[in-house]
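Notes follow the structure.
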Amino acid sequence: MTQNGTQRDVIRMSPEWLSLLRPEFTSPHMTALRAFLKAEKAAGKVIYPPGNEFFAALDATAPSEVRVVVIGQDPYHGPQQAHGLSFSVRKGQPIPPSLRNIFAELEADLSVAPPTHGSLLGWAKQGVLLLNSVLSVEQGMPGSHQGRGWEPFTDAVIAAIDGGERPVVFMLWGKHAQQKGAFIDRQKHCVLSAPHPSPLSAHRGFFGCRHFSQANRFLLERGYQPVDWSATG
């Protein structure tokens, strides 16, 4: 699937994910999604991220490598921001307010100095799946691609992780992410919930949630390597 909604280009995704999710690409919701994206592009709409980055999170973090899942809502809707990893922006781009708040909580929790850039690729390479619920958006129109077919697809991603043998940490920030993760097996996995890191809600309990240290404690207690949260990318 490319930005114009066709499949002329090879999907950029971990082979493991491609094998697990192959049935999704012939599902009715993905067929409808492709038609929607094609029509939007034909109408001159600008869509973020570029089509070859829709699945960047699933390309950067294979299912067998997942240790932590951070669920976002949909991509940033401004130019040069979204690149397929939830909450992340490329190096050289201004750090969005929600990400600044994430870095502030990280510093308060683990004394990790805030990075000078907003790329979280270093987290993704360590097994932190940075997954948005919806993987595309129209420029300047947050939420514009909700209900078009992405949600069942990303539900399948979460279900695959939930059903795996390895216990992982889910960070659910905000009501949307918490609803998205409602079916996760809490007997097996560590599910951490807090308000969204947006400036509108961070002071309601995101600050002080200490999710980063809790995640590493859970991993260590089960014999897994902790995440080096200072290595952002």
Side-chain angles (χ1 to χ4, degrees), residues 12-14 17 48-50 52-137 142 154 157-158 161 168-174 176-177 180-181 190 192 194-199 202 206-207 209-216 218-219 224-233:
R12 291 174 55 183
M13 182 185 296
S14 153
W17 276 122
Y48 297 133
N52 63 359
E53 292 181 336
F54 283 168
F55 306 106
L58 303 178
D59 193 38
T61 312
S64 61
E65 300 169 345
V66 173
R67 290 186 283 166
V68 178
V69 182
V70 177
I71 301 176
Q73 190 161 338
D74 60 358
Y76 294 122
H77 54 87
Q80 307 299 319
Q81 289 185 303
H83 66 125
L85 306 179
S86 63
F87 295 103
S88 178
V89 293
R90 294 188 188 280
K91 290 182 179 178
Q93 297 303 313
I95 300 175
S98 291
L99 185 54
R100 288 193 180 277
N101 287 341
I102 291 170
F103 289 157
E105 173 58 23
L106 177 59
E107 183 175 29
D109 188 8
L110 291 174
S111 300
V112 172
T116 57
H117 61 81
S119 172
L120 302 180
L121 185 59
W123 291 1
K125 289 180 177 178
Q126 294 184 73
V128 180
L129 181 63
L130 298 162
L131 180 70
N132 278 315
S133 173
V134 173
L135 303 186
S136 64
V137 70
T154 51
V157 173
I158 296 170
I161 298 168
V168 305
V169 179
F170 288 85
M171 294 183 178
L172 308 181
W173 297 335
H176 185 89
K180 185 78 173 174
C190 175
L192 303 173
H196 194 277
S198 161
F206 177 78
F207 290 138
C209 70
R210 302 185 67 84
H211 280 185
F212 301 101
S213 59
Q214 289 186 63
N216 279 355
F218 177 86
L219 295 170
Y224 298 114
Q225 283 290 109
V227 176
D228 178 3
W229 296 106
S230 68
T232 54

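Bear in mind the structure is a predicted one, so any value in this text is a computation, not a measurement. In this chain, numbering begins with 1 at the start of the sequence shown. For the numbers below, each heavy atom of this structure counts, side chains included, while hydrogens, waters and symmetry mates do not.
A 4.5 Å side-chain heavy-atom check between Ile161 and Val168 finds at least one atom pair inside the cut-off. Contact annotation: the side chain of Ile71 never approaches that of Ser86 to less than 4.5 Å [non-hydrogen atoms, C-beta and beyond]. Side-chain contact check for His83 versus Ser88: some heavy-atom pair is nearer than 4.5 Å. Contact annotation: the side chain of Leu106 never approaches that of Asp109 to less than 4.5 Å [non-hydrogen atoms, C-beta and beyond]. Taking the side chain as every heavy atom from C-beta outward, Leu58 and Leu129 approach each other to under 4.5 Å.
Considering all non-hydrogen atoms of both residues, Leu219 and Gln225 come closest at CD1-O, 3.8 Å. Between Ile95 and Arg100, the shortest heavy-atom contact is O-NE, 3.3 Å. Scanning all heavy atoms of the two residues, the minimum distance from Leu130 to Ala57 falls at O-CB, 3.2 Å. Smallest separation of non-hydrogen atoms from Arg12 and Asp59: O-CB, 3.7 Å. The two residues Ser198 and Ser98 come nearest to each other via the heavy atoms CA-OG, 3.3 Å.
Among residues two or more places apart in sequence or in another chain, the side-chain hydrogen bond (donor to acceptor under 3.5 Å, both in side chains) test is passed with His77 by none. Partners of Phe218 according to the ring-ring contact (aromatic ring centres under 6.0 Å, His included) rule, which considers only residues two or more places apart in sequence or in another chain, do not exist here.
Remark: aromatic rings of Trp17 and Phe55 are distant, center separation not under 6.0 Å.
Distance alone, capped at 3.5 Å, is enough to place a donor-acceptor pair between the Arg67 side chain and the Pro226 backbone. A donor-acceptor distance shorter than 3.5 angstrom exists from the side chain of Tyr76 to the backbone of Phe87, with no hydrogens or angles considered.
By the 30° and 60° cut-offs, the orientation of the rings of Trp229 relative to Phe212 is perpendicular.
Atom CD of Glu107 has more than 12 neighbouring heavy atoms from other residues, nucleotides or ligands inside a 6.0 Å radius.
Atoms CG and CD, on Leu110 and Glu105 in that order, are 9.0 Å from each other to the nearest 0.5 Å.
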Evaluation steps, ring pair (Phe, Tyr, Trp, His ring centres under 6.0 Å), between Phe103 and His117: CA-CA 11 Å; Phe103 289 157; His117 61 81; 7.8 Å; no

